[in-house]
Amino acid sequence: MNHWLLKSEPEAYSIDDLAREGETIWDGIRNYQARNYLKSAAVGDRCFFYHSSADPLGIAGLCEVTETMVVDPTQFDPSSDYFDPKSRDAEPRWHTVRVKFVEKFARVLTLHELQAAFTGDELMVVRKGNRLSVMPVNEDAARRILELAAR
DNA sequence: GCCAACGTTGGC
DNA sequence: GCCAACGTTGGC
């Protein structure tokens, strides 16, 4: 089982939204590197749910991959912000995952705490200038994040 | 294939 | 609102 970190602006979709809905298709990824990471995810992988452009900023909870290689439906929806006119039904460009809610942390594990606990090499999200919305979290970092969140 | 211009993300 | 750090686009 691998761990990932998924960013979302809570104004658009928050951990509370996922808690209420139970599961969701992680749609709207339009960056190839992020997409490629999602393509390599497996059912059962755990994902840290990160609130970006928010207060507080940081990891708000945990979810789990329940389905992989899900065709992102928004790419074919002309009314969606994520509509991609270059994508074709027979050859969709954007695949993603379905995730289910696992837990909301008792408190947000803030970016500041993550920056204090990890170097950029240990955890991508604390790297300066990092903009990726999907990134891998190695097993040592994942274990330490869960320990910090449980404190 | 290069690269300048432009757009986006996201912390601060 | 600013701006660093990219990614994308399109002319050549």
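Convention: sequence-line order gives letters A, B, ...; per-chain numbering from 1.
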Distance from [X] atom [atom1] to [Y] atom [atom2], nearest 0.5 Å?
{"X": "A:R46", "Y": "A:L5", "atom1": "CZ", "atom2": "CG", "answer": "15.0 Å"}
{"X": "A:D72", "Y": "A:S80", "atom1": "CG", "atom2": "OG", "answer": "7.5 Å"}
{"X": "A:H51", "Y": "A:F49", "atom1": "NE2", "atom2": "CZ", "answer": "4.5 Å"}

**Message:** To check you understand the geometry: which heavy-atom pair defines the closest contact between A:I15 and A:A60, and what is its length?
**Reply:** CG2-CB, 3.8 Å
**Prompt:** Closest heavy-atom contact between A:R127 and A:G120?
**Reply:** NE-O, 2.9 Å
Residues from [range] sitting under 4.0 Å of DNA chain C, heavy atoms only?
{"range": "residues 126-138 of chain A", "answer": "A:K128, A:G129, A:R131"}
{"range": "residues 113-122 of chain A", "answer": "none"}
{"range": "residues 4-11 of chain A", "answer": "none"}

**Message:** What I want to find out is whether A:K100 reaches A:E23 closely enough, with some N-O distance under 4.0 Å, to be called a salt bridge.
**Reply:** no
What side-chain donor-acceptor pairs closer than 3.5 Å can you find for residues 34-41 of chain A, not counting sequence neighbours?
from  : atom 1 : to    : atom 2 : distance (Å)
A:R35 : NH1    : A:R93 : O      : 2.8
A:N36 : ND2    : A:Y32 : O      : 3.2
A:S40 : OG     : A:Y37 : O      : 2.8

**Request:** State, without any angle test, whether A:S79 and A:D77 hold a side-chain donor-acceptor pair at a distance under 3.5 Å.
**Result:** yes
**For chain A, the stretch of DNA chain C it reaches, first to last nucleotide, under 4.0 Å of its heavy atoms** = C:dA4 to C:dT9
**Request:** Please check if atom CD in A:E11 has more than 12 non-hydrogen atoms from other residues, nucleotides or ligands closer than 6.0 Å.
**Result:** no
**Asked** Which hydrophobic side chains are connected to A:Y82, either touching it within the sub-4.5 Å cutoff or through other members that do?
**Response** none
**Message:** Between A:E21 and A:L18 (side chain of the first, backbone of the second, donor and acceptor by atom type, cut-off under 3.5 Å), is there such a pair?
**Reply:** no
**Item:** Criterion side-chain hydrogen bond (donor to acceptor under 3.5 Å, both in side chains) on A:R30 and A:T74, from CA distance to verdict
**Value:** CA-CA 11 Å; A:R30 293 294 179 273; A:T74 61; 3.0 Å; yes
